[in-house]
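Below is one structure, written out as structure tokens, with a few remarks after it.
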Amino acid sequence: MRSRILFLLKYYLFWIIASVVAKCVFLLYQGNTSLSISDYFQLLFRGLRMDVSLGGYILLLSSVLMAFSPFVRAQMLRRVFSGLSLLLLAVFWFVVAADLELFQNWGYHMDATVLEYIRTPKEAMASTPFGLLLLLIGLWLVLAVCFYVLYLHFVGKQLSYTRGRWWETGVFLLIGGGLIVPIRGGFNVAPMNNSFVFFHKTNMFANQAAINPVWNFMYEVEHAGRMGGDYKYMAEEEAQAVVDSLYHTGDTVFRLLRSKRPDIVVLLLESFTADAIGVLGGNEEATPNLNQLAKEGVLFSHIYATGNRSDRGVAGVIGAYPAYPNYSLLKYPAKMERRPRFPKDLEEQGYHTRFYYAGDINFGGFRALTTMSFQDVVTEDDFSGEAKKTTFKWGVHDEFMFERLFEDMEKAPRPFMYMAFNMSSHEPFEVPMETKIPGQTKDKRFLNAIYYSDRCIGEFVGKAKASGMWDNLLLVLVADHGTISIKNRDYHEPATFHIPLIFAGGALNVRDTVITTLGSQTDVVATLLAQLEIPHSQYKFSKNLLAGDVMPFAYYGMTGAAGMITPEGVTVMDLKGGKTITGEERNKYLLKAYLQVLDKDIRQ
């Protein structure tokens with residue numbers, strides 16, 4: 001029995017070492033230079049608690065298998081553990097390798113969101129260049145094979161024994177039972193969660209680097225099916241009163257339209273972060289046409305995306321629904337159908353509505369939302385000829401999508417509201433033009449793709465002006481979400497969510513106007529409907545940015561965290577650990593009330 005217990009100890013240490021190596025690989029891949037030597041030691045040391053927990057899960061299974069050892073030969077048990085180790089190592093290093101690139105794009109570790117994309121693998125892989133994909137696959141295989149060889153030479157050989165006595169089964173089961181302690185992270189009331197390894201007060205990357213990505217993924221998958229969060233902070237009446245006060249506004253003060261029923265085009269701009277927009281303090285070279293449109297029309301300069309993924313952004317713009325931290329509303333079409341969507345309101349006013357997404361409309365739950373919200377939907381299947389010949393991983397490039405949009409506008413019944421979601425500014429940032437912003441770093445390639453999409457928008461606007469359609473057109477431009485791709489920001493900070501909102505077009509009676517009211521992507525609906533003198537009280541989470549007595553604030557949510565921005569400051573809460581990442585008490589109170597009301601609403 002001594003040799004088998006020694007095997008379990010070595011096996012436990014083997015998996016802890018694998019987890020530590022995974023952290024080192026993560027740090028090398030991310031290339032973050034914001035950490036001190038002390039931070040490196042801290043994150044490895046604090047992260048051990050989670051590494052020990054993951055090893056505990058594996059050893060628990062191993063102890064149960066070892067309980068059969070008194071009744072089987074050593075050779076058979078060695079084969080069982082060899083097969084188990086190969087399988088676990090393949091899964092372990094696959095998650096680690098996939099997490100490396102996803103973290104660069106998302107700013108947080110891989111969660112159960114990836115399971116939503118299994119049904120559309122082409123789109124799920126579209127953000128990753130082929131060469132990078134091969135690199136990650138190669139890294140996965142090399143690490144898995146190397147650690148399997150290490151297991152065979154330094155751990156597996158320990159399994160050499162003669163059959164024992166029956167009571168040894170009980171010993172191994174007791175060992176397995178004792179592993180509950182390291183699995184839970186000790187004798188604490190709260191079980192192991194991400195906050196156990198957080199140690200840095202200001203550097204969230206350091207805290208994220210301490211997390212074991214495999215443990216985190218297991219946790220997220222396990223909790224993926226739980227519909228709601230534990231967001232009960234106060235009496236329901238108190239929380240509702242707080243949220244009602246946030247959305248209470250007076251009558252519209254600024255009248256922007258000279259036409260009561262203009263034609264409307266809403267452009268949903270993929271990843272158009274404020275960091276890329278010249279008029280918002282970003283890159284002047286990347287968005288000359290958006291900069292010009294802002295000067296010709298109305299720029300809302302302090303608008304924040306409600307979430308950090310496209311599915312949250314689409315729901316925010318179409319249904320004025322905030323990003324729920326636990327899951328996307330688009331995963332549950334029945335819930336979305338029970339909520340108002342502004343294209344249906346316009347349809348009741350005689351508008352013809354259409355949605356343009358020149359890719360696979362099945363991606364991210366877009367099909368359900370768009371088909372229930374618009375009269376028509378245009379997808380990649382509706383393109384042919386040159387557009388099909390020059391497709392990229394996400395579908396048809398922007399120049400062809402905007403060309404189709406313009407052609408449809410020329411023959412559209414009046415009035416119309418067409419919404420188009422561009423894709424060329426999405427990773428992997430491959431655009432069909434000569435490079436205008438040179439450089440092969442991720443931020444330069446991204447800005448170059450932004451330039452291409454901006455150029456396509458400029459050409460579209462030029463055609464609309466030349467045709468005369470511009471005179472009665474309201475053009476609304478808003479991003480689906482921000483990004484960390486340009487300035488390597490923390491995933492939770494407000495600047496990551498800062499996005500453009502621009503009203504332009506000949507239907508406006510004002511020019512070169514800046515609205516500085518602090519607001520959210522979800523406020524587009526109430527603001528637009530108020531200008532059209534259409535009731536909007538059915539949108540619980542949308543305020544009219546042009547009204548009197550408007551409360552300046554913006555909420556945003558992401559996996560495991562949420563933030564509240566007011567003129568007084570910013571508060572961001574870690575919802576898994578129940579801790580405040582940054583902020584002050586007034587905002588924290590507002591954020592808690594908001595989360596509680598949102599949680600109750602989404603459960604309905």
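Just so you know, these numbers come straight off a predicted model, no measurement behind them.
D480 and S310 share a donor-acceptor pair across their side chains, judged by distance under 3.5 Å alone. No side-chain donor-acceptor contact under 3.5 Å links Y233 and E238. Of the N and O atoms on the side chains of E270 and H481, at least one donor lies less than 3.5 Å from an acceptor on the other residue. Using modelled atom types and a 3.5 Å distance limit, the side chains of S453 and N422 yield a donor-acceptor pair. No donor-acceptor contact under 3.5 angstrom links the side chains of E236 and Q240, judged on distance only. A side-chain N or O of T566 and one of N587 form a donor-acceptor pair less than 3.5 Å apart. If you check the side chains of K588 and T580, you find a donor sitting under 3.5 Å from an acceptor. Using modelled atom types, one finds a donor on one side chain and an acceptor on the other under 3.5 Å when comparing E101 with Y29. With 3.5 Å as the limit, one finds no donor-acceptor pair spanning the side chains of Q349 and D345. No side-chain N or O of N544 forms a donor-acceptor pair with one of Y539 less than 3.5 Å apart. When only modelled atom types and interatomic distance are considered, D523 and T527 share no side-chain donor-acceptor pair under 3.5 Å.
Residues M234 and Y589 form a side-chain contact, since some pair of their non-hydrogen atoms from C-beta on lies under 4.5 Å apart. A 4.5 Å side-chain heavy-atom check between K260 and L532 finds every atom pair outside the cut-off. Contact of the L598 side chain with the V243 side chain is not registered, since no non-hydrogen atoms from C-beta on lie closer than 4.5 Å. Residues V525 and L529 form a side-chain contact, since some pair of their non-hydrogen atoms from C-beta on lies under 4.5 Å apart. Contact of the E533 side chain with the R255 side chain is registered, since non-hydrogen atoms from C-beta on lie closer than 4.5 Å. Proximity of V314 to F366: side-chain heavy atoms (C-beta onward) are separated by under 4.5 Å at one or more points. Contact check for R354 versus F416: no side-chain heavy atoms found under the 4.5 Å cut-off. Using a 4.5 Å heavy-atom threshold, the side chains of R511 and E296 count as touching.
The only option from T517, L280, T516 that meets the side chain to side chain contact (heavy atoms under 4.5 Å, CB included) definition with H302 turns out to be T516. Among the candidates Y491, F103, W215, the single residue satisfying the ring-ring contact (aromatic ring centres under 6.0 Å, His included) test with H109 is F103. When each of Y418, F402, F374, F421 is tested with Y356 by the rule ring-ring contact (aromatic ring centres under 6.0 Å, His included), just one qualifies, namely Y418.
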TODO: Check step by step if side chain to side chain donor-acceptor pair (under 3.5 Å) holds for T379 and D360.
DONE: CA-CA 7 Å; T379 74; D360 184 355; over 6 Å; no

- [ ] Take M564 and V572, measure what side-chain contact (heavy atoms from CB on, under 4.5 Å) needs, and give me the verdict at the end.
- [x] CA-CA 7 Å; M564 177 67 71; V572 182; over 6 Å; no

Task: Residues R309, T559; criterion side-chain contact (heavy atoms from CB on, under 4.5 Å); working and verdict - done: CA-CA 10 Å; R309 309 303 303 163; T559 302; over 6 Å; no

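Below 30°, between 30° and 60°, or above 60°: for Y321 and F541 the angle between ring planes is above 60°, a perpendicular geometry. Under the 30°/60° scheme for interplanar angles, the aromatic rings of Y555 and Y594 are found to lie parallel.
In this structure, F553 has its ring center under 6.0 Å from that of Y247. The six-membered or imidazole ring of F497 lies near that of Y556, with a centre-to-centre distance under 6.0 Å.
Taking 4.0 Å as the cut-off between side-chain N and carboxylate O, K442 and E427 count as a salt-bridged pair. Residues D443 and K487 are not paired through a salt bridge, judged by the lack of any N-O separation under 4.0 Å between the basic side chain and the carboxylate.
The CG atom of N283 lies 7.0 Å from the CD1 atom of I486; values are rounded to the nearest 0.5 Å. To the nearest 0.5 Å, atom OH of residue Y351 and atom CG of residue L346 are 6.0 Å apart.
Minimum interatomic distance between P262 and L257 (heavy atoms only, all atoms of both residues): CG-CD1, 4.2 Å.
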